[in-house]
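Atom set for the values below is all heavy atoms of this structure, side chains included, hydrogens, waters and symmetry mates excluded. So you know, we letter chains A, B, ... as the sequences are listed, proteins then strands, and number each from 1.
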Amino acid sequence: MSRLQARFAKLAAENRAALVTYVMSFDPDRATSQAVLNGLPAAGADIIEFGMAFTDPMADGPAIQYAAQRALAAGASLRGTLEMIAEFRKIDAETPVVLMGYYNPIHAWGPEKFAADAAKAGVDGLILVDLPPEEADELVPFCRAQGVDFIFLATPTSDEARLPRVVGGASGFVYYVSIAGITGTASASSDTIADAVTRIRALTDVPVCVGFGIKTAEQAAEVARVADGAVIGSSIVTVGEDARAKGADPVTAIHALVGQLAEGVRGARK
Amino acid sequence: MQSLNTYRAGPDERGHFGIFGGRFVAETLMPLILEVEQAYKEAKADPAFDAEFRALLANYVGRPNPLYFARRLTEAWGGAKVFLKREDLNHTGAHKINNCIGQILLAMRMGKKRIIAETGAGQHGVATATVCALFGLKCVIYMGSTDIERQAPNVYRMKLLGAEVRPVTSGAATLKDAMNDALRDWVTNVADTYYLIGTVAGPHPFPQMVRDFQSVIGDEVRAQMLAAEGRLPDSLVACIGGGSNAMGLFHPFLDEPSIRIIGVEAAGHGIPSGQHAASLTGGRPGVLHGNRTYLLQDADGQITEAHSISAGLDYPGIGPEHAWLNDVGRVEYVSVTDSEAVEAFQFTTRLEGIIPALESSHAIAHAAKIAGGLPKDHLMVVNLSGRGDKDVNTIARHLGHSDMGDL
């Protein structure tokens with residue numbers, strides 16, 4: 001059983017959804033980012049999405065764009081990101097870590113070699129915004145062979161004709177992007193999200209996590225009532241940066257927010 | 001070197017030219033891109049669509065524009081007979097309008113009410129704003145703030161035409177960053193918005209569609225050269241940023257093995273300086289903005305900033321079909337520095353009374369290098385893709401003329 005399967009099984013037994021937290025690797029520097037990562041499970045994260053910085057984050061709003069710029073200025077590299085996950089694995093063997101970002105750095109690494117190196121570092125899944133099912137066959141088989149889940153994105157524009165194709169090859173979980181838009185901007189209504197999750201569940205047994213536009217513990221709780229996981233990214237990244245800008249500790253600020261979000265998610269179905 | 005029966009069959013069903021091209025876009029855009037592809041297929045098969053396109057090219061753009069025999073350049077270089085394809089004489093002053101006419105007709109067929117576009121030099125922005133004014137559609141242009149500064153006259157033209165110009169400040173604030181923001185807009189406004197991409201790049205079907213609309217350039221050159229000289233040209237030279245003016249000239253001639261075809265990239269301060277925009281000469285294959293192509297990037301796959309004095313060539317990628325034509329060896333790709341382009345700009349202005357765009361000056365600069373070594377009966381076509389009025393401030397700065405009165 002993969003770490004993701006084990007985690008979702010455990011949460012199902014507790015009758016609750018996963019809190020999936022996104023942070024950008026190397027933001028604002030490697031040491032701070034490692035401290036953020038290492039403390040996420042204790043703060044309440046069930047699954048960790050670890051952002052891979054890219055110069056041209058076309059699907060991201062300002063919060064994550066700036067995070068990527070800070071990370072790259074601090075020397076972010078894919079190799080460094082994998083090393084940080086390997087470091088995390090020394091203290092946590094159970095919390096799933098999913099890499100999220102764009103395809104070109106992996107293309108440059110070489111898909112086959114990257115899948116092997118990611119698995120070795122302790123990566124459980126991969127989310128690539130710009131590798132849709134139409135092009136994914138150049139990477140997905142290598143991920144499968146290494147036991148790394150390739151997580152497809154479904155969106156409000158994935159119509160009835162496309163949705164089966166999108167979720168058909170899913171493993172790990174399906175990531176439902178709840179709005180047509182970029183990260184950290186508008187939020188979808190909970191009714192729309194519930195409808196979409198129902199449509200996806202009709203096509204797959206893989207858990208469905210929902211992201212984009214979820215900012216508060218209340219919104220996370222609403223999503224947690226209907227989906228298998230709520231993904232929060234931009235607001236976590238923003239809280240860290242705001243703290244740093246004020247001279248406070250971004251690690252403490254991020255873990256505090258994750259604690260509040262976890263409370264929201266854990267109380268959602270009670 | 002691979003030899004094919006035809007170089008004109010691409011792309012395949014998935015939008016690939018060899019390993020290049022494709023549809024590397026967010027899932028949110030995927031259904032829309034498939035819809036654009038379907039709409040374009042239907043439009044292409046509809047004679048009424050083509051008739052409307054041709055009529056607007058004739059009556060609104062002013063086509064065909066001349067294939068002008070540049071006698072004084074020919075004499076000065078002392079070799080090949082040099083012809084300039086006068087895209088600079090099109091309405092709005094560049095080849096960009098050809099593609100905008102085609103795509104705006106498609107956008108209207110699809111019922112889209114809002115048009116977005118990216119622009120570098122501002123020529124595509126002006127052309128897009130123009131067709132939006134013509135058809136009464138809302139128009140938003142994304143333009144890097146660096147480019148806004150160096151192409152101020154075009155920014156004002158777009159505003160006069162009724163477009164909203166949104167400055168982009170991320171990255172180096174040039175064409176690449178403008179394209180990122182245009183994609184972010186599109187993903188947010190999928191229902192009513194059409195992204196009118198200005199070059200032969202982006203996800204399938206854009207590289208193919210833009211090529212098809214721009215092929216009017218090469219089709220005209222064929223007829224005009226046959227009329228003037230009774231035979232086809234011996235060589236074709238065009239500048240390349242994304243590569244739409246070059247592809248429009250080249251594509252109709254790719255299967256004429258006797259014709260030497262040369263694309264000219266921007267070498268900026270020189271390839272060894274690392275400050276250039278020559279993705280074929282100085283880049284390697286990668287994935288950006290919806291397609292796989294040659295990209296300027298570091299070892300980690302991070303995209304590096306391009307540099308060119310010409311805002312229209314200042315892009316770290318190139319259209320995927322050019323990447324493929326490079327790899328199969330059908331087209332030669334070379335590069336020309338900022339200084340060489342400026343020199344060609346001045347030379348052409350003084351000698352022919354034609355002020356070429358800085359982009360087109362790259363093609364002229366390469367023609368200057370090779371024309372003298374070619375026989376006098378060699379027929380060379382250089383694509384004068386746009387006019388240079390927009391560039392006079394840049395030239396003045398480059399030449400150290402603090403104000404234009406110094407000249």
Side-chain angles (χ1 to χ4, degrees), chain A residues 52-62 65-66 68-69 71-72 75-81 101-110 114 128-138 152-159 161-163 165-166 175-177 179-183 185-186 212, chain B residues 13-16 19 21-35 37 168-172 176-177 179-193 202-204 283-293 295-305 316-317:
Chain A
M52 303 178 282
F54 184 50
T55 41
D56 295 83
M58 287 152 286
D60 285 302
Q65 286 177 44
Y66 291 136
Q69 284 179 16
L72 289 169
S77 68
L78 205 42
R79 181 173 307 280
T81 300
Y102 296 81
Y103 182 39
N104 198 53
I106 289 166
H107 187 274
W109 191 291
F114 181 77
L128 295 179
V129 176
D130 55 353
L131 199 66
E134 276 75 1
E135 305 287 351
D137 53 1
E138 64 186 61
F152 283 108
L153 300 150
T155 70
T157 60
S158 312
D159 54 23
R162 263 190 84 65
L163 203 52
R165 175 165 193 185
V166 173
Y175 188 133
Y176 180 66
V177 175
I179 53 152
I182 52 179
T183 54
T185 54
F212 280 48
Chain B
E13 275 297 298
R14 297 173 63 190
H16 291 189
I19 66 161
R23 288 179 286 220
F24 295 86
V25 296
E27 171 62 23
T28 313
L29 288 180
M30 203 64 205
L32 186 58
I33 280 173
L34 295 170
E35 194 193 326
E37 185 188 359
V168 177
T169 53
S170 55
K176 164 179 85 100
D177 312 293
M179 203 152 176
N180 288 336
D181 265 15
L183 283 164
R184 289 181 187 120
D185 181 314
W186 206 20
V187 94
T188 310
N189 299 290
V190 266
D192 69 337
T193 297
H204 177 66
R284 55 179 214 284
V287 171
L288 180 71
H289 293 156
N291 60 156
R292 179 172 11 238
T293 188
L295 297 172
L296 301 181
Q297 55 184 317
D298 68 14
D300 282 337
Q302 302 294 345
I303 308 303
T304 53
E305 297 297 345

> If you measure from CD on E134(A) to NE2 on H204(B), what distance do you get to the nearest 0.5 Å?
Replying inline: 11.0 Å
>> Report which part of L295(B) has an atom under 4.5 Å of a heavy atom belonging to chain A: side chain, backbone, both, or neither.
In response: side chain
>> Under the criterion side chain to side chain contact (heavy atoms under 4.5 Å, CB included), I'd like the reasoning laid out for M179(B) against M58(A): C-alpha separation, chi angles, the key distance, then a yes or no.
In response: CA-CA 9 Å; M179(B) 203 152 176; M58(A) 287 152 286; over 6 Å; no
> Going from CG on D130(A) to CE on M30(B), what distance comes out if it is rounded to the nearest 0.5 angstrom?
Replying inline: 12.0 Å
> Is chain B contacted by the side chain of Y103(A), its backbone, both, or neither, given a heavy-atom distance below 4.5 Å?
Replying inline: side chain
>> Go through it in stages, so that I can follow the logic: the residues are L128(A) and F24(B), the test is side chain to side chain contact (heavy atoms under 4.5 Å, CB included), and I'd like the CA-CA distance, side-chain angles, deciding distance and then a yes or no.
In response: CA-CA 10 Å; L128(A) 295 179; F24(B) 295 86; over 6 Å; no
>> Taking side chain as everything from C-beta outward and backbone as N, CA, C, O, which of these in A182(B) sits under 4.5 Å from a heavy atom of chain A? Side chain, backbone, both or neither.
In response: neither
>> Quick check against the 3.5 Å criterion: does N104(A) have a side-chain atom that pairs as donor or acceptor with the backbone of V287(B)?
In response: yes
>> Within the 4.5 Å heavy-atom criterion, are R184(B) and P57(A) side-chain neighbours or not?
In response: yes
>> Whether the side chain of E27(B) engages the backbone of A154(A) through a donor-acceptor N/O pair (distance < 3.5 Å, no angle test) should be reported.
In response: no
>> Does any backbone or side-chain atom of P156(A) lie under 4.5 Å from a heavy atom of chain B? Answer side chain, backbone, both or neither.
In response: neither
>> Going by side-chain contact (heavy atoms from CB on, under 4.5 Å), V187(B) matches just one of I179(A), I182(A), T157(A), V129(A). Which one?
In response: I182(A)
> How long is the gap from CD on E135(A) to CZ on R292(B), to the nearest 0.5 Å?
Replying inline: 7.0 Å
> Can you name the nearest heavy-atom pair linking I303(B) to T55(A), along with the distance?
Replying inline: N-OG1, 3.0 Å
>> If you compare all heavy atoms of A108(A) against all heavy atoms of A299(B), which two are closest, and at what distance to 0.1 Å?
In response: CB-O, 4.1 Å
> Is it true that a side-chain atom of R79(A) and a backbone atom of D300(B) form a donor plus acceptor pair closer than 3.5 Å?
Replying inline: no
>> Give me the atom names and distance for the closest heavy-atom approach of S170(B) to Q69(A).
In response: CB-NE2, 4.1 Å
>> Can you tell me which of L183(B), L34(B), L288(B) forms the most heavy-atom pairs within a distance under 4.5 Å of chain A?
In response: L288(B)
>> So which residue, A180(A), A59(A), A161(A), P62(A), ends up with the most heavy-atom pairs under 4.5 Å with chain B?
In response: A180(A)
>> Under 4.5 Å from any heavy atom of chain A, what part of H16(B) do you find: side chain, backbone, both or neither?
In response: side chain
> Q302(B) side chain to A53(A) main-chain N or O, any donor-acceptor pair under 3.5 Å?
Replying inline: yes
>> At a 4.5 Å cut-off on heavy atoms, which part of I106(A) comes close to chain B: side chain, backbone, both, or neither?
In response: neither
